Amino acid sequence: MSKRVRVRFAPSPTGGLHLGGVRTVLYNYLFARQQGGDFILRIEDTDQSRFVPGAEEYIYDTLRWCGLEPDESPLLGGGFGPYRQSERKSSYRRYAEELVKMGHAYYAFDTPEELEAKRKEFPNFQYNHDARKHLRNSLTMDELSIQELLDAGTRHVIRIRMPENQEVGFDDMIRGEVSFNTSQVDDKVLLKADNMPTYHLAVVVDDHLMQISHVFRGEEWLPSAPVHVLLWQWLFGLDHMPTWAHLPLILKPDGHGKLSKRDGDRLGFPVFAMDWTDPNTGEKTKGFKERGFLPEAFVNMLALLGWNAGTEQEIFTLQELIDAFSLERVHKGGAKFNYEKALWFNHEWIRNLPLSRYEGQVSDLFVQQGLNPGDPHRLSRIIELVKDRCHLLTDFPQQAGFFFKAPATIDLAAVSPKWSAAKNQFFVELMSIYELATSWEAEPLELGFKELAAASQIKPGELLLPFRIMLVGGKFGPGVFDIAALLGRVETISRIKSLLQLLPAV
RNA sequence: GCCGCGUUGGUCAAUCGGUUUAAGACGCGUCCCUUUCACGGACGAAUGAGGGGUUCGAUUCCCCUACGCGGUACCA
């Protein structure tokens with residue numbers, strides 16, 4: 001009885017993929033891998049008016065970046081293709097016709113304009129079992145005129161004929177028993193006038209043809225689930241219907257409602273996985289990738305948004321997620337997205353991942369900022385030194401820029417109020433000592449510094465901050481002597497000298 | 001409006017009727033460490049929407065109300 005696990009992610013290629021979409025991918029992927037099943041990517045491009053060039057490629061790129069690659073897709077192919085619904089167009093009509101023959105669907109000749117007018121007249125208008133009695137469809141017209149219209153090629157759609165007052169329920173993996181009364185759901189269009197199926201027909205037909213065993217989708221689909229269940233019942237039999245799981249939504253951090261790309265702009269964090277530029281409007285939306293997130297952290301954070309292992313573990317590798325994941329532990333309620341926590345996840349991953357995983361990207365980031373990363377070995381030491389202070393990959397240039405270029409801005413106010421002739425003298429002497437230092441390492445540099453301080457009768461604490469400002473320009477960064485060691489003799493002395501010149505004479 | 005799904009601290013959340021003074025994490029506050037900023041450590045503030053039941057006993061089960069969200073397209 002146990003059939004092979006086959007799950008699918010079925011996005012509509014209309015723009016960038018946002019958090020919620022990627023999380024749906026993730027849960028599909030985790031389940032498939034854990035169960036030794038297949039993860040399929042199917043492109044739901046049945047709405048030709050919403051075609052957006054590049055959106056499909058964006059999906060591939062995003063899945064690749066996240067490391068959530070499908071087993072079958074339009075690109076990869078597979079035994080159940082084509083994987084783009086527009087290319088399966090010809091296969092849908094016969095199912096719709098079959099439903100008409102069974103009496104579960106009907107032709108409707110109302111034009112979109114007519115229906116729009118109706119909705120304007122009656123705000124609560126629904127094309128349901130009641131309304132259909134008064135509209136232009138094959139239920140209200142005689143056989144002959146229907147045939148005439150059809151023969152004449154009159155534009156029409158095929159609608160599902162929802163039964164009256166019937167309870168349709170199913171067992172949701174996350175929510176348990178869910179049921180709806182059919183009188184409350186209207187006669188959804190199954191086949192559009194352009195012969196393309198709507199989502200309702202296409203999911204059912206394709207999930208059947210592709211032998212999908214489990215469907216994980218957003219909670220926004222719950223209200224139309226009875227349509228899908230009925231379609232399964234009539235077309236392929238309830239025994240073959242996939243198991244459903246409706247995922248909770250990801251909500252705005254403030255206010256209310258589903259998280260949308262607009263919230264990102266408004267609140268200053270990414271919502272899409274990667275940067276996306278709408279080719280039609282030119283509108284740019286920022287992505288987590290370009291913002292400086294590691295895919296490991298992004299995936300980890302998403303997994304925990306609505307699911308938890310029931311243990312105290314929060315940092316998970318993909319493999320650990322595959323092993324620990326379970327639908328039973330997915331929350332029912334929606335989760336408000338928390339960017340602060342996302343930053344924390346990224347910070348953890350920056351600190352724990354081997355440098356080799358991301359030093360190339362950090363190097364690129366330096367180049368983008370006009371800094372020359374130079375020797376890779378030195379770069380690694382620098383990254384190692386500052387990574388505790390970086391929540392994002394993009395924080396590195398800010399946190400370590402002074403290693404590659406003398407500070408552009410100098411926090412003079414941090415030193416000048418307490419500046420004195422004695423301190424000035426100290427640094428003049430320090431330069432001579434460093435000039436002659438035989439070993440340019442952090443420890444001996446610190447030792448020389450402190451011995452001189454003692455000899456000058458100044459507390460080292462009074463001198464350390466000025467020294468830091470000289471080298472770094474501000475009150476941040478790793479230990480000063482580590483910095484001096486990596487900066488080298490020439491640069492260190494040069495920076496001491498230039499600050500001394502900026503300070504007021506005393 | 002109607003239908004559906006939800007509701008534990010500011011946020012993510014554990015608890016699957018009974019050693020719980022209701023975990024843990026993020027964030028926040030205080031302190032320690034650090035003669036910078038972080039990291040780290042210690043401590044702290046902060047939670048079961050309201051009302052009825054069921055039960056010896058409810059955060060846990062049921063009902064009602066409130067609130068939130070979703071849906072209500074020839075979009076997905």
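Values reported hereafter were calculated over all heavy atoms of this structure, with side chains retained and with hydrogens, waters and symmetry mates removed. Chain letters run A, B, ... following the sequence lines, proteins first, then strands; residues in each count from 1. These figures come from a predicted structure and were not determined experimentally.
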Mind checking whether [X] and [Y] have parallel, tilted or perpendicular rings, split at 30° and 60°?
{"X": "A/Trp232", "Y": "A/His208", "value": "perpendicular"}
{"X": "A/Trp244", "Y": "A/His246", "value": "parallel"}
{"X": "A/Phe109", "Y": "A/His156", "value": "tilted"}
{"X": "A/Trp307", "Y": "A/Phe325", "value": "tilted"}
{"X": "A/Phe467", "Y": "A/Phe427", "value": "tilted"}
{"X": "A/Phe449", "Y": "A/Phe481", "value": "perpendicular"}

query: Is A/Arg291 close enough and on-axis enough to A/Phe269, meaning under 6.0 Å and within 45°, for cation-pi?
result: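 Not satisfied by the 6.0 Å and 45° rule.
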Residues in side-chain hydrogen bond (donor to acceptor under 3.5 Å, both in side chains) with [X], at least two apart?
{"X": "A/Lys192", "value": "none"}
{"X": "A/Trp349", "value": "A/Asn300"}
{"X": "A/Gln399", "value": "none"}

- prompt: Taking CG from A/Asn300 and C1' from B/C26, how many angstroms apart are they, rounded to a whole number?
  reply: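 Spelled out: CG on A/Asn300 to C1' on B/C26 is 13 Å.
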message: Without decimals, in angstroms, what is the distance between A/Leu251 CG and B/C12 P?
response: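 My rounded result for the distance is 8 Å.
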Of the options [options], whose atoms approach the side-chain atoms of [X] most closely?
{"X": "A/Arg468", "options": "B/U36, B/U72, B/C75", "answer": "B/U36"}
{"X": "A/Arg119", "options": "B/A73, B/G70, B/C75", "answer": "B/A73"}
{"X": "A/Leu115", "options": "B/C69, B/G27, B/C74", "answer": "B/C74"}
{"X": "A/Ala335", "options": "B/G6, B/U36, B/A13", "answer": "B/A13"}
{"X": "A/Leu249", "options": "B/G10, B/U72, B/G70", "answer": "B/G70"}
{"X": "A/His331", "options": "B/G6, B/G71, B/U8", "answer": "B/U8"}
{"X": "A/Lys332", "options": "B/C74, B/A76, B/G6", "answer": "B/G6"}
{"X": "A/Glu220", "options": "B/G10, B/C74, B/A76", "answer": "B/A76"}

query: Quick one: on RNA chain B, does A/Leu305 or A/Gly479 contact a more 5' nucleotide (nearest heavy atom)?
result: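 Per heavy-atom nearest nucleotide, the more 5' residue is A/Leu305.
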- prompt: Quick one: on RNA chain B, does A/Thr198 or A/Glu340 contact a more 5' nucleotide (nearest heavy atom)?
  reply: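 Nearest nucleotide further toward 5': that of A/Glu340.
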field: Rounded P spacing from B/G57 to B/G48 in Å
entry: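 These two P atoms come out 23 Å apart once rounded.
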field: Integer angstrom distance from the C1' of B/A25 to that of B/A46
entry: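 Approximately 15 Å lies between the C1' atom of B/A25 and that of B/A46.
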How about [X] and [Y]: does a side-chain donor come under 3.5 Å of a side-chain acceptor?
{"X": "A/Asp187", "Y": "A/Tyr106", "result": "yes"}
{"X": "A/Gln85", "Y": "A/Asp45", "result": "no"}
{"X": "A/Ser380", "Y": "A/Glu359", "result": "yes"}
{"X": "A/Asn137", "Y": "A/Arg132", "result": "no"}
{"X": "A/Asn28", "Y": "A/Arg8", "result": "no"}
{"X": "A/Glu97", "Y": "A/Tyr92", "result": "no"}

Between protein and nucleic acid, restricted to nucleotides 37-40 of chain B and to nitrogen or oxygen atoms under 3.5 Å apart, what atom pairs and distances do you find?
| unit_1 | atom_1 | unit_2 | atom_2 | d |
| --- | --- | --- | --- | --- |
| B/C37 | O4' | A/Lys475 | O | 3.0 |
| B/C37 | O2 | A/Arg389 | NH1 | 2.3 |
| B/C37 | N3 | A/Arg389 | NH1 | 2.2 |
| B/A38 | O2' | A/Asp388 | O | 2.9 |
| B/C39 | O3' | A/Arg351 | NH1 | 3.2 |
| B/C39 | O3' | A/Arg351 | NH2 | 3.3 |
| B/C39 | O2' | A/Arg351 | NH1 | 2.7 |
| B/G40 | OP1 | A/Arg351 | NH2 | 3.1 |

- prompt: For RNA chain B, which residues in residues 87-95 of chain A have a heavy atom at a distance below 4.0 Å?
  reply: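 Result for residues 87-95 of chain A: none.
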message: Below 4.0 angstrom, which residues in residues 104-112 of chain A have at least one non-hydrogen atom near RNA chain B?
response: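 Close to the strand are A/Asp110, A/Thr111, A/Pro112.
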field: Contact state string [nucleotides 15-25 of chain B, B base, S sugar-phosphate only, - no protein heavy atom under 4.0 Å]
entry: S--------SB
Please write out the pairs of protein N or O atoms and N or O atoms of nucleotides 1-4 of chain B separated by less than 3.5 Å, giving the distance to one decimal.
| unit_1 | atom_1 | unit_2 | atom_2 | d |
| --- | --- | --- | --- | --- |
| B/C2 | O2' | A/Gln184 | NE2 | 2.8 |

query: Is there a side-chain contact between A/Lys258 and A/Ile250 (heavy atoms, below 4.5 Å)?
result: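 When only atoms from C-beta onward are counted, A/Ile250 and A/Lys258 do not touch, as no gap falls below 4.5 Å.
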field: Flag side-chain contact, heavy atom, 4.5 Å: A/Tyr83 against A/Arg88
entry: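 Of all side-chain heavy-atom pairs linking A/Arg88 with A/Tyr83, none is under 4.5 Å.
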Contact class for [X] vs. all strands (heavy atom < 4.0 Å): base, sugar-phosphate, or nothing?
{"X": "A/Val189", "answer": "sugar-phosphate"}
{"X": "A/Arg155", "answer": "nothing"}
{"X": "A/Gly474", "answer": "nothing"}

Side-chain N or O of [X] less than 4.0 angstrom from OP1 or OP2 on [N]?
{"X": "A/Asn308", "N": "B/A14", "value": "yes"}
{"X": "A/Thr46", "N": "B/A76", "value": "yes"}
{"X": "A/Lys192", "N": "B/A73", "value": "no"}

message: Between A/Phe298 and A/Phe288, does the ring-ring contact (aromatic ring centres under 6.0 Å, His included) criterion hold? Intermediate values first, please.
response: CA-CA 8 Å; A/Phe298 183 56; A/Phe288 278 86; 4.7 Å; yes
message: Could you check whether A/Glu462 pairs with A/Lys418 (Lys NZ or Arg NE/NH1/NH2 to Asp/Glu carboxylate O, under 4.0 Å)?
response: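 No, A/Glu462 and A/Lys418 are not salt-bridged.
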task: May I ask you to decide if A/Thr111's main-chain N or O and A/Arg155's side chain share a donor-acceptor pair within less than 3.5 Å?
output: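 Such a contact is absent between A/Arg155 side chain and A/Thr111 backbone.
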message: Determine whether a donor-acceptor pair (N or O, by modelled atom type, separation under 3.5 Å) exists between the side chain of A/Asp395 and the backbone of A/His391.
response: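 Yes, because the side chain of A/Asp395 sits within donor-acceptor range (under 3.5 Å) of the backbone of A/His391.
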Partners passing ring pair (Phe, Tyr, Trp, His ring centres under 6.0 Å) against A/Trp221 (at least two apart in sequence or in another chain):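 A/Trp221: ring pair (Phe, Tyr, Trp, His ring centres under 6.0 Å) contacts with A/Tyr199.
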- request: Output, in order, the C-alpha distance, side-chain angles, deciding distance and verdict of side chain to side chain contact (heavy atoms under 4.5 Å, CB included) for A/Ile158 and A/Leu99.
  value: CA-CA 9 Å; A/Ile158 293 179; A/Leu99 287 164; 6.0 Å; no
message: Around atom CD of A/Gln126, are there more than 12 heavy atoms from other residues, nucleotides or ligands closer than 6.0 Å?
response: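 For A/Gln126, atom CD is crowded (more than 12 foreign heavy atoms under 6.0 Å).
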task: Give RNA chain B the dot-bracket treatment, 5' to 3': Watson-Crick (N1-N3 with N6-O4 or O6-N4) or G-U (N1-O2, O6-N3) under 3.5 Å, [ ] crossing, | other strand.
output: (((((((..(((.....[.....))).(((((.......)))))....(((((..]....))))))))))))....
Just the atom pairs and distances: protein N or O near nucleotides 31-35 of chain B's N or O, under 3.5 Å.
| unit_1 | atom_1 | unit_2 | atom_2 | d |
| --- | --- | --- | --- | --- |
| B/U35 | N3 | A/Gly461 | N | 2.8 |

Pairs: protein N or O with nucleotides 45-51 of chain B N or O, under 3.5 Å:
none

